[in-house]
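Encoded as structure tokens, the structure appears first; notes follow it.
Predicted, not measured: the structure shown is a model, and the values here were computed from it. Atoms considered below: every heavy atom in the structure, side chains included; atoms not considered: hydrogens, waters and symmetry mates. Convention: sequence-line order gives letters A, B, ...; per-chain numbering from 1.
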Amino acid sequence: MASVSRSFLLLSIIPTILILCADFACCNTGRKTGDGLDTDFSGFSVPLEHSFEVDDVSRFRMRGALQLRGGRETSVSLSQSQLSEEDRNNLKEVAAVDGLYKIRVPRVSLTDRQTERQMDGYLTAFVRACSLVESHLSDVITLHTDVSGYLIGVSIVTIPGACRGTEVEDEVDLEAFNTTLTIIPPTNAPQPETALFIERMDIEHEKRGKPQEQKSFFAKYWYLILGGAIFLMASSSAQPSAGGAEEQQS
Amino acid sequence: MKSSVKMAKLTSLFVILLSFFCISEAVFEDQVGKFDWRQQYVGKTLFAHFESNTQSSKKMFVATDKNIFASFNSRTGDLLWRHVDKTGPEGTIDILLLHGQDALMVVGDGRLLRSWDTNIGGLNWEVVLDTGSFQAACFVAIQDTVKLVAVLKKAAISLHYLSNGHQKWVENLPDSDAVQYQAVYSGGEEEVYVLGVVPNSHLTIIAYSLEDGEIIKQRSVEASWLSSVESSCVVVGQGVLMCVDPATLALYTLPIQAEETPEFSQILLQSLDLEVSPGFQPVLVSSQPHPARSPLSEFFLQLGPDHHVLLQLNADGYTIAPLRDFQPAFLVSFATTGKKTVAAVMTPKNETACAINLFSVDSGRRLLDTTVLFPLEPNGGKPHMLYVHAFLKKDDSVGYRVLVQTQDHALTFIQQPGRVVWTREEALADVVTMEMVDLPLTGTQAELEGEFGKKADGLFPMVLKRLSSQVTLLQAWLAHLWKLFYEARKPRSQVKNEVTIETLSRDEFNLQKMMVMVTASGKLFGIDSKSGSILWKHYLENVQPNAAFKLIVQRTTAHFPHPPQCTLLIKDKDTGLATLHVFNPIFGRKSHIALPALPRPILQSLLLPVIDQDYAKVLLLVDDQYKVTAFPSTKNVLQQLQEMASSIFFYLIRSEHGNLSGFRLRKDLSTERIWEVVLPTEVQKIVAVKGKRPNEHVHSQGRVMGDRSVLYKYLNPNLLAVVTESTDAHPERAFVGVFLVDGVTGRIIHEAVQRKARGPVHFVHSENWVVYEYWNTKSRRNEFSVLELFEGTELYNSTVFSSLDRPHLPQVLQQTYIFPSPITTMEATLTEKGITSRHLLVGLPSGAILSLPKMFLDPRRPEVVTEHSREENLIPYAPEMPIRTEWFINYNQTVARVKGIYTAPSGLESTCLVVAYGLDIYQTRVYPSKQFDVLKDDYDYVLISSVLFALFFATMISKRLAQVKLLNRAWR
């Protein structure tokens, strides 16, 4: 249900995005463009780099290109090449000494339509090289954005994540990455749900049955009034005689 | 409108319903003060006055830097009353004047003028003054009675009646842009004089008529050497302005009231045989005993840090006669009683004490039998101020008491002949951080422990040792019994359980602990948590006023015979340079351990679980070049660090760049950056980061749900809660961000944005939950939100948690509630094993501390009640969080300006020790799940044991009877 309505919304805003995007396509020219499917609006690509060295000194190399698409519905895809023979051996060596496999992406904004989309600095994450090897290069890369569409963090995990020390014999397993890529915007924290609570209480009240009909004051408390009146009468008739008795005594 | 009324009704109904299944936990009347204590403080004294000059007067009044006006009982040092004003410049007390029963106070840089009744501490009146920064104030007398008070502001002077505060007149000061008016003087004449200065040019004197504020005369006197009247001039004698000039080393005199326009007359200090210490700015001290009369013609001139001279202005008005030279003398003060004025002088006596003597002002002669000794503590501050309360004794001689303020903000009240009546440690009004440390074992227990610690040396010696230690135990027990018996005969009030540092020992349930408190002034305190008595104090000199402190317990008391060890990291906020102070938290003594040299600014400190051969945990200090220093840095430690290096991760946060980054230690103690998260500072700024408390235990791995399945908690010990606030302050666009980041991998576990919200954000991060409180800008109310993280119904790896191997993100549940009060601080209870349910301790601005069950902050509270949720004991969701008065753990003992709450586990699982600090200090115990492991006070031992015995005998008898019966039946 929700997705349908959202896609309707998206359809309605696509023209506006197209108009907005027309003017900054020019600043994309320097960059490597993607496969051409999404290039027509607001898509752009940033490099995804990785580093794995035996001596743990970072030397980042190109791993692939991230196709980012901003706007209301952000999406991301990754085009990456296979690992070379040298890289494969290197990765296995790093895994053997329990080194780290690091990735980084440049800090970019997905929605900022200013000329400068890229800020200086990178977002870095790491995973143990052995777990990457043992999972046969199946990794999950997650990009996190903040409220205004800036990329704020990247994370990489492998599935399975553990290092059990199993040997990966087959070279074929280490050729291509099996990457799952997601982009996560911040979730909106809930507000106190007063409306629902009131509604629920109303329903509960109705369930309990309608409150008793509004009776008049006398109709409600006639017995109390009657009882009070009788009591008053009884006491007033008793009192004078008692008082009289006292008087007589004195 | 209607719906809101209905809602309020419903919620109230709901609260009543709730109260049926919530355990109430109020304090009974007879429990008041049994497990809790409160100490009230006022802060660093700025002004102090004594009530009246009789021997029997008991009151003294102080105004402090914490914007507090208070009265002490001078016999006991207890507070009689206290007025806590607003914090910050709005409540600053500019001046405190005392006359008879009235205390006059100018507040908030000349914003308000207040008069207090000193007897009961009630406010007589308060007037709002015209704008302008405050300069000076003085009493003004008309025909020998003080009726008015003059307030001098930057551009105006006003006179107010003392009786009702009404303004008599206000006049603008002429040429106030150029002239800095700094002093106001009245000597009981028909005029009031205002003194202003154009720095290094001339002095301006204006005389105003008391009657209508008309300028009677105005003149200016050439004074190119004068820069400030306030700091270098006083009025002495019959209205003679006396100034000191450090450049020419001369005194200048000028009669204020003189008709003609004379020059200042110069008296060189050299001509008086006086010499100023090099680099010292000489200071003048004078005294005006009564506002209706002119000041004394005698005055003090301070020539060096410990050199004072008593001088007298001769009747001619321009010659000076030295009366007495005081060297060495730290402090001097005038005091007047009746017609007599005396000068009190504090001189150093020896290493451990200072002597205070009285001198006659007229002659400079020492008064006999007036010596009072002020004890100097070895680790205390130097004397800073002297307030003397002089009075006439019955034989017409002058007696006095003296209040000494030391640099560490302590007030000491001393009576003749040198008895310290009381001491108030006002540094405790500003506690920065604290820790609770277990007390050591008693001597006998320690001996027993020591027996196990030693290496075995043969069977026979071991047996002997065991026997001897058993004998000592028996001895101690007998001594204890004897003491009990002996004390049982005395009435209870006479039995004194004084805690001294020698008798300190751990009690049965570890309920008594040592509170180590660090104050902003740099004074450390060791306080007994049971009684609140200060057991040791240590003043650290040379601590910058803006220093940041971090207190670390490196070794607890558990490692006998090694003494416990605490380390205080003191970091200068400007330079970032840090120093370490290592001490024993039980006795406060400084340890003589070689400290590492820290030449570079320190960015981060982390306490590792690694221990050295002496059982001290290793502290790592990261400097601004990401180099790591270990403390202690023995060979053993360095070796361990090298082995563990690849598994030691740490994070750094630079909030000004919005940068969070993670590092891994290398074998050579250098570091490598392994992850980086950047929150753009244009959008949001990091306001706070909290990890979990390392001593926290979580007993239950999961929660059993209604259908008997288990929902496992996401218990990541490396999780950081990062709270941000938006830079955009517009109420529609403002937001508060909550990021949960793994401190090892830098993975953002969860990122939530609370829209239309603003700080200040208070939050607690514990177990698998984060609770935060913020201000909702749209609905204009405070709201609580709770985030809980669960792994799901299956655990990924149930044996060990590793941040490196936890690929699946946890499920995050969140719920938000309305909280009907603003809060000042928040903390969660902590118990030994984590079995007891958790409560949140919330400090409210009213001074109350609310113990809010975590049960109410549970994102799984259902909106619609089902069978399962009822099974689980979940409270149905209600948007409003109740505040119930029985949840206030400090009943009527409000804690003014709560700044922090510290919780510590005790030996009893049910009991959590709580210390709330701010202006006051309050210590108590809380029982979040009631005292399930403690028998009640009124437990009927007699009944239970008699029933037990009865049952026992009954079974015996019935058994016997049954046997007899069986036997009889067998015979049949």
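- One side chain, B/Tyr772 or B/Gln754, offers a donor N or O that lies under 3.5 Å from an acceptor on the other.
- Neither the backbone nor the side chain of A/Ser135 has a heavy atom closer than 4.5 Å to any heavy atom of chain B.
- Looking at B/Phe784, there are no atoms closer than 4.5 Å to chain A (heavy atoms on both sides), in backbone or side chain.
- In this structure, the portion of B/Glu783 lying under 4.5 Å from any heavy atom of chain A is its side chain and not its backbone.
- Proximity to chain A (any heavy atom under 4.5 Å) is restricted, for B/Arg673, to the backbone atoms N, CA, C and O.
- With A/Arg61 as the partner, the salt bridge (charged side-chain N to carboxylate O under 4.0 Å, His left out) test is satisfied by one option alone out of A/Glu53, A/Glu49, A/Glu86: A/Glu53.
- A side-chain donor from one of A/Thr179 and A/Arg63 sits under 3.5 Å from a side-chain acceptor of the other.
- Under a 3.5 Å cut-off, the side chain of B/Asp742 and the backbone N or O of B/Gly746 do not form any donor-acceptor pair.
- Of all the listed residues (A/Pro160, A/Gly161, A/Pro192, A/Ser155), the one sharing the greatest number of non-hydrogen pairs under 4.5 Å with chain B is A/Pro192.
- Judged by distance alone, the side chain of B/His657 and the main-chain N or O of B/Asn659 form no donor-acceptor pair under 3.5 Å.
- Side chain to side chain, B/Asp728 and B/Ser726 fail the donor-acceptor criterion of an N or O pair below 3.5 Å.
- For the options A/Ala162, A/Ser58, A/Ser131, A/Ala125, heavy-atom pairs under 4.5 Å to chain B are most numerous at A/Ala162.
- Contact count against chain B (heavy-atom pairs under 4.5 Å) is highest for A/Thr187 among A/Thr187, A/Val154, A/Val157.
- For the set B/Val683, B/Ile674, B/Val736, B/Val677, the entry with the most heavy-atom pairs within less than 4.5 Å of chain A is B/Ile674.
- When each of A/Ile159, A/Asp146, A/Leu196 is checked for heavy-atom pairs under 4.5 Å with chain B, A/Asp146 comes out on top.
- Proximity to chain B (any heavy atom under 4.5 Å) is restricted, for A/Leu151, to the backbone atoms N, CA, C and O.
- Neither the backbone nor the side chain of B/Val741 comes within contact range of chain A, judged by heavy atoms closer than 4.5 Å.
- Interface remark: A/Leu123 contributes backbone and side-chain atoms alike to the contact with chain B (heavy atom separation under 4.5 Å).
- For B/Leu660, no part sits under 4.5 Å from any heavy atom of chain A, backbone or side chain.
- When each of B/Gly662, B/Ala757, B/Pro859, B/Ala752 is scored by its heavy-atom pairs under 4.5 Å with chain A, the top score falls to B/Ala752.
- Between B/Tyr714 and B/Phe790, the distance from one ring center to the other does not fall under 6.0 angstrom.
- There is no contact between A/Thr142 and chain B, counting heavy-atom distances below 4.5 Å.
- No part of B/Arg733 comes within reach of chain A, as not one of its non-hydrogen atoms sits under 4.5 angstrom from that chain.
- When atom types are taken as modelled, the side chain of B/Gln815 and the backbone of B/Arg861 share a donor-acceptor pair closer than 3.5 angstrom.
- If you check the side chains of B/Tyr796 and B/His808, you find no donor sitting under 3.5 Å from an acceptor.
- For the pair B/Thr816 (side chain) and A/Pro190 (backbone), a donor-acceptor distance under 3.5 Å is present.
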